[in-house]
Amino acid sequence: MSKKIKLMQGNEACVEAALMAGMRFYAGYPITPSTELAELSALHLPYYGGKFIQMEDEIAGIAAAIGGSLAGLKSMTATSGPGFSLKQENIGYAAIAEIPLVIVNVQRGGPSTGLPTSPAQGDVMQAKWGTHGDHPVIALSPDSVTETFNLTIRAFNLAEKYRTPVILLTDEVVGHMREKIEIPAQEDIEIYDRVKPKENEEYVPFKTEEGEIVPRMANFGEGHRYHVTGLFHDESGFPSNSSENAEVMLDHLMNKIDNNLDDIIDYEEYMMDDAEFLIVSYGSTARTVRSAIKALRAEGIKAGMFRAITLWPSPEEKLAEISKKFDKILVAEMNLGQYVQEVQRIVKSNSEVYHIGRANGEVTTPSEIVNKVKEVL
Amino acid sequence: MSSNLINEYFRESKLPHIWCPGCSHGIVTRAIAKAIDELGLDKDKVTIVSGIGCSSRAPGYMDFNTLHTTHGRALAFATGVKLANPELDVIVITGDGDASAIGGNHLIHAARRNIDITTIVFNNNIYGMTGGQYSPTTPTGALGTTAPHGNIDKPFDIAQLAAAAGATYAARSTAYHTTQLIKYIKKGIQNKGFSLVEAASICPTYYGRKNKSGSPVKMMEHLKNNFVDVKIIDKLPEEKKAGKELMGEFKDITAPEYTAEYLKLIDRLKGAAK
Ligand SMILES: Cc1ncc(C[n+]2csc(CCOP(=O)(O)OP(=O)(O)O)c2C)c(N)n1
Ligand code: SF4
């Protein structure tokens, strides 16, 4: 198969990429604006020998996807708004039980049923803190159809490599817009598969081997009988109440991400070489910011953008470093102020941080960003 | 015999179990092991999935692929496991609260799909793990910590609920009637479709104490005397029917099974253009 050029929606590109990344199991419940992900998975998966199931609700969708992953298939579930809220408990389950899983959230306006057909970026903090307790999170935010494709592949690879749920946080704009995209040939796509235990070796299911990042993962039914639980457990996989053990386990969960930030974190610097003013953004809002930067530069204001592609873990080190060059930073996002808090935490007293964004279903226009920059300058 | 069962099917290093003295969860767990043994299932292919509750702790002691999930969701996780790998014998262990309150929606939909999963409900008519709150199977009038003035709710009949929702095999036995219990579990596992076997059970610690049901032995005697087989109930004189509960097989039919239908779909599309 060679590469092909196509005109595609973001949601379509996500399913195309998922299939190429090896997704063979999808379980979910339909909800606008993520529904195409379910429909296209239902359409295509059986041709690949893969399985699609429409569950009775979103809780069941993620639960079945976790089951599918444990039985050995790369699994995905997708949702929006209210459905993302329903999935939270089992996101925590996948985190503590170290189950590879991709969860797509095509963000829409909230809270509650909110604005079903309008875009938003209001689930940024929920992606990090939505499930109870401390836990690792990887959340990726694409700003185009092509990047939706690339980040979907990455989401599967990261999920398999770090044995963790990975959230692809897109939004209604990116999910529904059509763009030209070059689909690479299958053989040009790098695919990562979970490492399985060696045969005929005593299997300690939650023990990380020397020099490896996560415990090797046996698929159910392949001969290693073991226990999986959402309780704190020891290396054997069985529940343990000891606080020493809980600390060891949580350290492992956090460290597998924190010690590999260079591998996980991704960002883009746009027109930053000579920039005198910094805008931080992500996802579809970054598209507006690009137009605004061009307009500002036409007026002699040298603005640049730092775009977080990995929202969680946040590109902390890089942002802290570049913030030293800017007295003022504007954070543009489609909510009333979420990632701006993370930016403030990171840049500390290096820069004064401003925010532009709304949550009424309308995207901020380039001229509004231009005006805001002029106002704070 | 039972020590062989322990050697063969239990994780001895994980025993003793957490259950209270007199709890019947151990009896029902043993019945499951016995059924698996009598059927000669391949241990590597058996997957036992549970939710949260005292009963849902059972899989941790059992030497199979075991998955202890979130409260109420065992059947949804199990649906994923079974659909992803239909070769596995998937068994769900759940409590009355886990299965029919928080998990009620998953129960009726798993039954409706007729997916080949065998669900064993440890029905002790109470929330044991959280300390004795009333459940969807607590009898009207009984006491629970959240029904201190007597329960005004009406109870579910879980086996009949599953049968009505589409299960192709539905039966009820008790922790006292283990011969029937083992037989029904075996038939449930052998049935190619969704099977539900309810095991009427006892929780002496909370239900028993709160309702002054007497010792665990007395509670077991109640199971013995109060449950009547659905096949003979009509033969009893009216005065003997009063207050009795039904056990036995309520449904045993054949119907297309979900994962088999999905595999047929894959076959049908083979060779067709994508
Ligand atoms: C989402 C959620 N809600 C509530 C609980 C608390 N909880 C744990 S077990 C349980 C009830 C268990 O009762 P049952 O399923 O009948 O099993 P038993 O303990 O009686 O065997 C409850 C309410 C929980 N763990 N998770
Ligand atoms: S609380 Fe009740 S159900 Fe739980 S172990 Fe004790 S007796 Fe059994």
Side-chain angles (χ1 to χ4, degrees), chain A residues 19 24-27 42-75 77 89-94 96-97 99 101 205 218-231 233 236-239, chain B residues 11 13-14 18 42-50 52 57 59-90 102-103 105-106 108-110 112-113 115 258-259 262-263 265-270 272-274:
Chain A
L19 289 165
R24 291 297 176 268
F25 192 93
Y26 181 105
L43 177 66
H44 295 301
L45 269 169
Y47 290 107
Y48 294 77
K51 314 285 172 60
F52 167 89
I53 185 167
Q54 182 169 308
M55 295 298 288
E56 49 276 11
D57 59 32
E58 286 86 347
I59 302 173
I62 182 168
I66 293 171
S69 183
L70 263 166
L73 302 185
K74 288 189 185 178
S75 301
T77 186
E89 184 190 10
N90 284 337
I91 292 177
Y93 185 90
I96 198 171
I99 313 289
L101 175 70
N219 298 330
F220 273 7
E222 292 182 357
H224 297 279
R225 298 185 301 275
Y226 69 107
H227 188 58
V228 180
T229 178
L231 288 165
H233 45 269
S236 74
F238 290 94
Chain B
R11 292 165 169 147
S13 64
K14 302 302 161 195
I18 59 160
D42 177 353
K43 277 161 66 172
D44 288 340
K45 299 290 175 202
V46 174
T47 297
I48 306 194
V49 186
S50 67
I52 298 292
R57 285 300 194 98
Y61 307 117
M62 305 179 81
D63 188 18
F64 303 100
N65 306 285
T66 54
L67 178 58
H68 178 225
T69 69
T70 45
H71 191 28
R73 317 300 172 195
L75 272 166
F77 281 78
T79 296
V81 171
K82 180 71 189 179
L83 180 58
N85 184 357
E87 277 178 22
L88 300 177
D89 293 301
V90 180
I102 190 164
N105 200 30
H106 309 308
I108 57 175
H109 289 278
R112 174 180 59 82
R113 289 184 195 107
I115 187 164
Y258 186 83
T259 61
Y262 202 98
L263 292 178
L265 171 76
I266 289 176
D267 259 0
R268 180 150 58 81
L269 297 178
K270 240 182 217 145
K274 277 177 196 171

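Excluded from the calculations below are hydrogen atoms, water molecules and symmetry mates; all remaining heavy atoms, backbone and side chain alike, are included. Throughout, a chain's letter reflects where its sequence line sits, starting with A, and its residues are numbered from 1.
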Can you tell which part of Lys270(B) gets under 4.5 Å to a heavy atom of chain A, answering side chain, backbone, both or neither? neither

Side chain, backbone, both or neither: which part of Lys82(B) has a non-hydrogen atom closer than 4.5 Å to chain A? neither

Looking only at non-hydrogen atoms, find the nearest pair between Tyr93(A) and Thr70(B) and report the distance. CD1-CG2, 3.9 Å

Only pairs of heavy atoms separated by less than 4.5 Å count here; which of Ala218(A), Pro239(A), Ala64(A), Gly72(A) has the most with chain B? Ala64(A)

In Å and rounded to the nearest 0.5 Å, what is the CZ to CG distance from Phe220(A) to Asp44(B)? 12.0 Å

Kindly compute the distance separating CG (Leu45(A)) from CG (Leu269(B)), expressed to the nearest 0.5 Å. 11.5 Å

Measuring from Ile59(A):CD1 to Ile102(B):CD1, what's the distance to the nearest 0.5 Å? 7.5 Å

Which bit of Leu67(B) is near chain A, if near means a heavy-atom gap under 4.5 Å: side chain, backbone, both or neither? both

If you tally heavy-atom pairs under 4.5 Å against chain B, which of Ala63(A), Gly67(A), Ala71(A) wins? Ala63(A)

Select one option (side chain, backbone, both, neither) describing which atoms of Leu231(A) are under 4.5 Å from chain B's heavy atoms. side chain

For side chain to side chain contact (heavy atoms under 4.5 Å, CB included), just list the numbers for Ile266(B) and Lys51(A), CA-CA rounded to whole Å, side-chain angles, deciding distance to a tenth of an Å, and then say yes or no. CA-CA 9 Å; Ile266(B) 289 176; Lys51(A) 314 285 172 60; 3.8 Å; yes

Where on Phe25(A) is there a heavy atom nearer than 4.5 Å to chain B: the side chain, the backbone, both, or neither? side chain

So, taking the atom named NE2 in His227(A) and the one named CZ in Arg11(B), what distance separates them when rounded to the nearest 0.5 Å? 6.5 Å

Sort Ile53(A) into side chain, backbone, both or neither according to what part of it lies under 4.5 angstrom from a heavy atom of chain B. both

State the NZ-CZ distance between Lys45(B) and Arg225(A), to the nearest 0.5 angstrom. 11.5 Å

Nearest heavy-atom contact between Met55(A) and Arg113(B) is CA-NH2, 3.6 Å

Heavy-atom contact with chain A under 4.5 Å, split by part of Arg268(B): neither

Answer with side chain, backbone, both or neither: which region of Leu263(B) has an atom nearer than 4.5 Å to a non-hydrogen atom of chain A? side chain

Checked Gly221(A), Ala97(A), Gly49(A) vs chain B; the most non-hydrogen pairs under 4.5 Å come from Gly221(A)

Relative to chain A, which of Asn105(B), Leu75(B), Leu88(B) shows the most heavy atom pairs under 4.5 Å? Asn105(B)

Partner chain B: residue of Ser69(A), Gly50(A), Gly230(A) with the largest heavy-atom pair count (under 4.5 Å): Gly50(A)

At a heavy-atom separation under 4.5 Å, does Tyr262(B) approach chain A through its side chain, its backbone, both, or neither? side chain

